[in-house]
Amino acid sequence: PITKVGFILQWGYFRASGRFFATDLFRTQDLQYVCDRLEIEWSALVLDAQSYSSQLAGVHQRHILKLLGWQAFGQGRERLLQQIAHLVEQPLMPRKVLHESRAFLVRQQIEVPSYDVFQRLITTAYRLSDGQRMSRLNQV
């Protein structure tokens, strides 16, 4: 039962957001709903790292990506980096770069990473862009 519940929760969260979440972030209400639909006694169900391992979750995630025709983030990372570099050159605020980058990934059917991954990539892109501008100014 835990395998079924874990898979369905991952599927639902991915369909809603384009990304996967750790089991400790699964909401109790969602767990109850899935158990009710599957006619599983949810109070006896413990969804933790031992019963639903990260290894099993990874297998489910790869299977969900394949079923939906999406790519894992690692496979689309370079395209995202190019998109962020392009957006950073535009007169956009970092928040807009984040939203546009996320929309790009969804359009390309690439798994959406966590916020901190976006934050690091966008910050790095702004620093590189600023460094290139300063270098060009120094050459003038």
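Just so we're clear, the structure is a prediction, and the values are computed from it rather than from any experiment.
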Participant: Classify the ring geometry between H60 and F7 as parallel (under 30°), tilted (30 to 60°) or perpendicular (over 60°).
Facilitator: perpendicular
Participant: Are F73 and L68 connected in a single hydrophobic cluster, I mean Ile/Leu/Val/Met/Phe/Trp/Tyr linked by side-chain heavy atoms less than 4.5 Å apart?
Facilitator: yes
Participant: Please determine whether the number of non-hydrogen atoms from other residues, nucleotides or ligands lying under 6.0 Å from atom CD of Q90 exceeds 12.
Facilitator: yes
Participant: For a quick test of reading the model, state the closest non-hydrogen atom pair linking V106 to V112 and the distance between them.
Facilitator: CG2-CG2, 4.0 Å
Participant: Could you measure the distance from the NE2 atom of H63 to the CH2 atom of W11? Nearest 0.5 Å is fine.
Facilitator: 8.0 Å
Participant: Please round to the nearest 0.5 Å and tell me the distance separating atom OG1 of T23 and atom CG of L25.
Facilitator: 8.0 Å
Participant: Taking a hydrophobic cluster as the set of Ile, Leu, Val, Met, Phe, Trp and Tyr residues connected by side-chain heavy atoms closer than 4.5 Å, whether directly or through intermediates, do F104 and V117 fall within one such cluster?
Facilitator: yes
Participant: Which heavy atom of E111 sits nearest to which heavy atom of F20, and what is that distance?
Facilitator: OE2-CD1, 3.3 Å
Participant: How far does CZ of R19 sit from CG of L105, to the nearest 0.5 angstrom?
Facilitator: 12.0 Å
Participant: Looking at every non-hydrogen atom in both residues, tell me the closest pair between Q10 and A57 and how far apart they are.
Facilitator: NE2-CB, 3.2 Å
Participant: For the atom pair CG (L98) and CG (L87), what is the distance rounded to the nearest 0.5 Å?
Facilitator: 10.5 Å
Participant: Which value, rounded to the nearest 0.5 Å, describes the distance between S129 atom OG and R127 atom CZ?
Facilitator: 13.0 Å
Participant: Restricting to non-hydrogen atoms, name the atom on G76 and the atom on I110 that form the minimum distance, rounded to 0.1 Å.
Facilitator: CA-CD1, 3.8 Å
Participant: Is it possible for you to say whether Y115 and M93 belong to one hydrophobic cluster, with membership spreading through side-chain heavy-atom contacts below 4.5 Å?
Facilitator: no
Participant: To the nearest 0.5 Å, tell me how far W70 CH2 sits from Q61 CD.
Facilitator: 13.5 Å
Participant: Answer yes or no: does atom CD of Q29 have more than 12 heavy-atom neighbours from other residues, nucleotides or ligands under 6.0 Å?
Facilitator: yes
Participant: For residues 77-84, which side-chain donor-acceptor pairs fall under 3.5 Å, sequence neighbours excluded?
Facilitator:
{"from": "R79", "atom 1": "NH1", "to": "Q108", "atom 2": "OE1", "distance (Å)": "3.1"}
{"from": "R79", "atom 1": "NH2", "to": "Q71", "atom 2": "OE1", "distance (Å)": "2.6"}

Participant: Before you tell me yes or no, could you show the steps for I2 and Y52 under side-chain contact (heavy atoms from CB on, under 4.5 Å), namely the whole-Å CA-CA distance, both residues' side-chain angles and the distance that decides it to 0.1 Å?
Facilitator: CA-CA 7 Å; I2 195 71; Y52 189 69; 4.2 Å; yes
Participant: Could you tell me how the ring of F21 sits relative to the ring of Y13: parallel (under 30°), tilted (30 to 60°) or perpendicular (over 60°)?
Facilitator: perpendicular
Participant: Same cluster or not: Y126 versus L128, using hydrophobic residues (I, L, V, M, F, W, Y) connected whenever any side-chain heavy atoms lie under 4.5 Å apart?
Facilitator: no
